[in-house]
Amino acid sequence: MIDKLNVPQREAVTLAPQHALVLAGAGSGKTRVLITRIAWLIQSGYASPQGLLAVTFTNKAAREMLARVSAIMPIDTRGMWIGTFHGLCNRLLRAHFRDAGLPQAFQILDTADQLAAIKRLLKANNVDDEKYPPRDVQRFINGAKEEGQRPGDVEAYDSFRRRMIEIYALYEAQCQREGVVDFPELLLRAFELLSRNEPVRTHYQRRFRHVLVDEFQDTNTLQYRWLTLLAGGGATLFAVGDDDQSIYAFRGANVGNMSDFERDYAKGTVIRLEQNYRSFGHILDAANALISHNTGRLGKNLWTEQGAGEQIRVMELATDLSEAQWLVDEVRALVADGRVRREIAVLYRSNAQSRVIEHALFSAGVAYKVYGGLRFFERQEVKHALAYLRLIANLNDDTSWMRVVNFPPRGIGARTLEQLGDQARAYDTSLSNAVARVAGKGGSNLAQFAMLIARLAQETLTLTLPEMVEHVIDQSGLAAHYTLDREGADRIENLNELVSAAAAFAAEANMTGMPAGKVVEQPQDPEAFASAQAGLEMTDGMSPLAAFLSHASLEAGDNQAQAGQDAVQLMTVHAAKGLEFDAVFITGMEEGLFPHENSVLEASGLEEERRLMYVAITRARERLYFSLAQSRMLHGQTRYAMRSRFLSEIPQEHLKWLTPRQGLSPADTEPRWKSSGYSADAFGRAATNRATPVSARSLTSGVQVGTQEFRVGQGVRHARFGDGTITSLSGSGLDAQAQIQFRDVGVKTLALGIAKLEVIQG
DNA sequence: TCCAGGCCCGTTTTT
DNA sequence: CGGGCCTGGA
């Protein structure tokens, strides 16, 4: 187990119990170290399985960890807490729901549920949703919670924020009344439970002697505080991560947690895993060189024993269409060479880029698979079925009530629901409770809906979980509704799939045969109940239904297309993190796209883009391609962009330009594609029926404004901003815009029809 | 209640 | 350009 490790890996695994930070580069055996560490702690007697808590960000990572720990060690993994932050917090809150101030059957709102709840709240309180768009409110609330702040903790320095804070407070009250918690609430509530309730805190602090964290660079402020609180009773924190792969700042991740952790906990105990077992030399050296342009890194340099391998191939094309066509040909050549399609990945910075690529692959009949998109538990019909189930579990869940009160349609109109909402608000109660005040007589559609829910609850009392799900799908009218819908076949199939998912869940949690509504008795001794669970799902103290509903909220399911067949893998760079492939294409290597234009205004944004590129490069084992297009369609406009600056941050010795005339200065805008064999004429026109012939738009990589012609790479002078270079152009005539990198004042986007620019070169 | 058409917007995303 | 969302009319 340990003798197969390299020196720093072994050092990390066999470190005597103390706080430690493992800086694990891409492909350096990070997961292996984490798993072996757990096994070693147990085998060497430093820990019992009950004394271990390991936390990850995704369910996939948690599952993998649990599976691999069980595989290398014949120990009982029951009693060990392995899971996501949200899963573990859910577990804590279920076990101590009273102390946490929650109803036993509290429901978890996913992002979409939360947004719906906020919209309902804004409407009910007559908030101007132009000034306070639901999405902004959601971001505000979640941002505050992720900083550990309740409404009273948020600084109100202007009237706008004061109002936001009021809305936040109203939202909290609504959630509390309905018995629902959103994702950040799971963390904050669990954190507050631990920090305020001394007996509970002491219990868990004494129990968990070793806390291990994966992907530490992705933790947010609240998660960091949660970890340090949990370990505050003398437990050791073992954090594994890579600051160079921190790419989730936009959703609250705080890379600074790594240096804080080193300073406050790990002190000198930082172990670097720098030997890479994945990629060949040129690829690694390119990644190292690129990331060295970032500041404030904790610092590490990947190396390999595998040899230099091939240089990175670089291809520059006229348009996004010719880029896609070239890609298809290259993929076919790779397959003809004997590579399997599933070992080829096409990466892009933003999802919008996938369309052209998909189109080209589809036309050429190359099997491909796109990652991302709707996931199983997020599908409309599945959410509808779950909403019925949630109402059975918790009648006060107004979000679920509103979702299905008139679905399938049963003649309950907007005004009825408005009245119902008014009554509910007037009596500070749930919609369900307010029915009697609106409906009065039992014959109304509304009253019938309330009776339907009551009936379903009654009828399913003795059923097992899958039977219950099936009964609800059937009796709610969902099945009939979708059967009548001419395009409902897929939805019916998904509803059947939901029954299967319930059966599988019950089997896994050992709940088969148990009535879905029955609460598993909670033993009095918390230690006893806490150690009685198996696997990832916390199920005791919960009915099978409640457990399944938690599962559905916390694990949205697979978001990849049908698995199994051998297909080229298409995904964003973000989605590729943690994966590896024999051959990788990084597409759209253009200024404004990668790095993305919204990121270059701030140094921190640019550095995150660079880390993103670092992640992309280090996905490749043997072969890596960069491709770029001189022009591409974006938002219905043609855009011209310079080569990504990241290409010039990589030493040219690692690059092999497939395009002729390599190493041109950025200012050189001579059309290079003409001799590449992938001219717009050859590949652009036929591929699509766009109004503008591709050849026409690609032959001038410039934009005409009045008598001036602007080109990408051109030097310009602005009266106020000084001298700069055009990095991208879009639009034409009066709405033409240019992104300009000024020497002294940074990047600006200017309207060419308005700004007075003088061309100074090119 | 349903559907068509207008309108707005457009990085990355897990739980 | 294309998708999602909302509104207004039948």
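Throughout, a chain's letter reflects where its sequence line sits, starting with A, and its residues are numbered from 1.
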From CZ of A:Phe183 across to C1' of B:dT14 the rounded distance in Å is 8 Å

Taking the six-membered ring for Trp, are the ring centroids of A:His384 and A:Tyr482 within less than 6.0 Å of each other? no

When rounded to whole Å, the CZ to P distance for the pair A:Arg251 and B:dT14 reads 7 Å

Just checking A:Ser553: base, sugar-phosphate only, or nothing, at a heavy-atom cut-off of under 4.0 Å?
-> nothing

Salt-bridge present (A:Lys30, A:Asp242; N to O < 4.0 Å):
no

Could you tell me whether A:His293 and A:Phe646 have their ring centroids closer than 6.0 angstrom?
no

Heavy-atom closest pair (A:Arg94 atom, A:Ser550 atom, distance to 0.1 Å) is NH2-OG, 2.9 Å

Here the distance between atom C1' of B:dT12 and atom OH of A:Tyr371, to the nearest Å, is 18 Å

To the nearest angstrom, the CD-P distance between A:Glu602 and B:dT12 comes to 19 Å

To the nearest angstrom, the CG-P distance between A:Asn220 and B:dT15 comes to 14 Å

*Taking N and O atoms by type only, does the side chain of A:Thr111 place a donor or acceptor under 3.5 Å from a partner on the base of B:dT15?*
yes

Exactly one candidate in A:Arg645, A:Arg632, A:Arg643 meets salt bridge (charged side-chain N to carboxylate O under 4.0 Å, His left out) with A:Glu591; the answer is A:Arg645

Side-chain atoms of A:Arg355 come closest, of B:dT15, C:dG2, B:dT1, to C:dG2

Protein heavy-atom contacts under 4.0 Å, written 5' to 3' over nucleotides 2-11 of chain B as B (base), S (sugar-phosphate only) or - (none), form the string S-------BB

In A:Gln107, A:Lys383, A:Arg403, the residue satisfying side chain to side chain donor-acceptor pair (under 3.5 Å) with A:Asp113 is A:Lys383

A:His86 has its side chain closest, among B:dT13, C:dC1, B:dT15, to B:dT15

- request: Determine the Euclidean distance between corresponding P atoms of C:dG4 and B:dT13; express it in Å to zero decimal places.
  value: 15 Å

Atom CD of A:Glu555 and atom P of B:dT13 are separated, to the nearest Å, by 18 Å

Here the distance between atom C1' of B:dT14 and atom CG of A:Leu374, to the nearest Å, is 15 Å

- Stacked pair A:Phe250-B:dT12, distance under 5.5 Å, angle under 30°: yes

Taken to the nearest whole Å, CE/A:Met633 to P/C:dG2 is 8 Å

| Looking for any heavy atom pair under 4.0 Å, which part of the strands does A:Asp218 touch: base, sugar-phosphate only, or nothing? | nothing

Correct closest heavy-atom pair for A:Ala287 and A:Ile617 would be CB-CG2, 3.9 Å

